[in-house]
Amino acid sequence: MADLSAQVEALTHRVQKLEDELAIHRLIVRYGLAVDTGDAARTAAVFAPEGVYDADDMVRSDRHQRMVGHCAHQIGPAVVRVDGDRAVALGYSRVYLQSDQGIGIYRVSMNRWELERRGAEWLIARRLTRLLGHAEARAIFDAGLGDV
C-alpha cells in the first residue's frame, strides 16, 4: 500500500508541474493577444504589481498604437522550468506586421520570463527581451539556459 501511495504522490507532483507549465504558456499567449489589441490594462494584468518589463517599446507608445489591428505577437514555444512557486521560461517572440506590401516579420526577439505563482495564478515578475542581433540578445540565452 505504501508503494501505491508513493506512486500517487509522484504522479500528483508530475501533473502539478504539467498544469503549471500549461498555465505559464497560456499566460504568455494572453500577453501577446492583449498587446495586439492595444489593451494596456489586460497586458498589465499578466504582470505582478511590481513586475518589470525590460524592453524598448511598450503598449501605450505611439509606435505600438499605430500597429494595433495590424500586428500579431507570436510568442514561444518556450522552454519552461518550474521550481515551486517560481518559474523561468526562455524563448523567441515574433511580431508580424501588415503593411501595404503584405504581412511580414517586423521583429524577432529573444526573451527570458521570470514568473511567480500568486495564489492560484501565475504572473510575470520580470520579462527581459532583446531584438535578435542586439548586443545583449545572446546573453539572455547564455545566462538562462542553465536555468531551464
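The same ILVMFWY cluster, assembled from side-chain heavy atoms under 4.5 Å apart, contains both Leu145 and Met110. Cluster annotation: Leu132 and Leu128 are assigned to the same hydrophobic cluster (Ile/Leu/Val/Met/Phe/Trp/Tyr, side-chain heavy-atom contacts under 4.5 Å, transitive). Tracing side-chain contacts under 4.5 Å through hydrophobic residues (I, L, V, M, F, W, Y), one never reaches Val80 starting from Leu123; they form parts of separate clusters. In the hydrophobic cluster analysis, where Ile, Leu, Val, Met, Phe, Trp and Tyr join through side-chain heavy atoms closer than 4.5 angstrom, Val29 is grouped apart from Leu90.
Screening His73, Arg127, Arg42 for a side-chain hydrogen bond (donor to acceptor under 3.5 Å, both in side chains) involving Tyr31 leaves a single residue, Arg127.
A distance of 12.0 Å separates NE2 of His25 from CH2 of Trp122, quoted to the nearest 0.5 Å. Remark: Arg126 CZ to Phe47 CZ distance equals 11.0 Å, nearest 0.5 Å. Between Leu115 atom CG and Asp83 atom CG the span is 12.5 Å, to the nearest 0.5 Å. To the nearest 0.5 angstrom, Gln7 atom CD is 11.5 Å from Thr12 atom OG1. Separation of atoms CG (Asp20) and CG (Leu27) is listed at 12.0 Å; rounding is to 0.5 Å. Put simply, CZ on Arg81 and CZ on Arg86 are 11.0 Å apart, with the number rounded to the nearest 0.5 Å.
Evaluation of the salt bridge (charged side-chain N to carboxylate O under 4.0 Å, His left out) rule for Arg26 yields no partner, not counting sequence neighbours. Applying the side-chain contact (heavy atoms from CB on, under 4.5 Å) test to Arg94 and every residue at least two apart in sequence or in another chain returns Gln74, Tyr92, Tyr96, Val108.
Here the closest heavy-atom approach between residue Leu97 and residue Cys71 is recorded as CD1-CB, 4.0 Å. Of all non-hydrogen atoms in Ala48 and Ala125, the two that sit nearest each other are CB-CA, 4.4 Å. Ile24 approaches Val82 most closely through the heavy-atom pair CD1-CG2, 4.0 Å.
At least one donor-acceptor pair closer than 3.5 Å links the side chain of Arg130 to the backbone N or O of Asp54. Of the possible polar contacts, none joining the His134 side chain to the Ser109 backbone as a donor-acceptor pair under 3.5 Å is found. Counting only distance, with no hydrogens or angles, the side chain of Arg117 and the backbone of Gly84 share a donor-acceptor pair below 3.5 Å.
Salt bridge Glu136/Arg112: absent, no basic N to carboxylate O contact under 4.0 Å.
Counting heavy atoms from C-beta outward, Asp85 and Glu116 have side chains that stay 4.5 Å or more apart. Side-chain contact check for Trp113 versus Val88: every heavy-atom pair is 4.5 Å or farther apart. Between Glu114 and Val52, every side-chain heavy-atom pair lies at or beyond the 4.5 Å cut-off.
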task = Any chance you could lay out the salt bridge (charged side-chain N to carboxylate O under 4.0 Å, His left out) test for Arg118 and Glu50, step after step, and finish with the verdict?
result = CA-CA 12 Å; Arg118 301 280 178 97; Glu50 68 283 358; 2.4 Å; yes

request  = Apply the test side chain to side chain contact (heavy atoms under 4.5 Å, CB included) to residues Leu33 and Thr37: give CA-CA distance (whole Å), side-chain angles for both, the deciding distance (0.1 Å), then the verdict.
outcome  = CA-CA 7 Å; Leu33 295 172; Thr37 61; over 6 Å; no

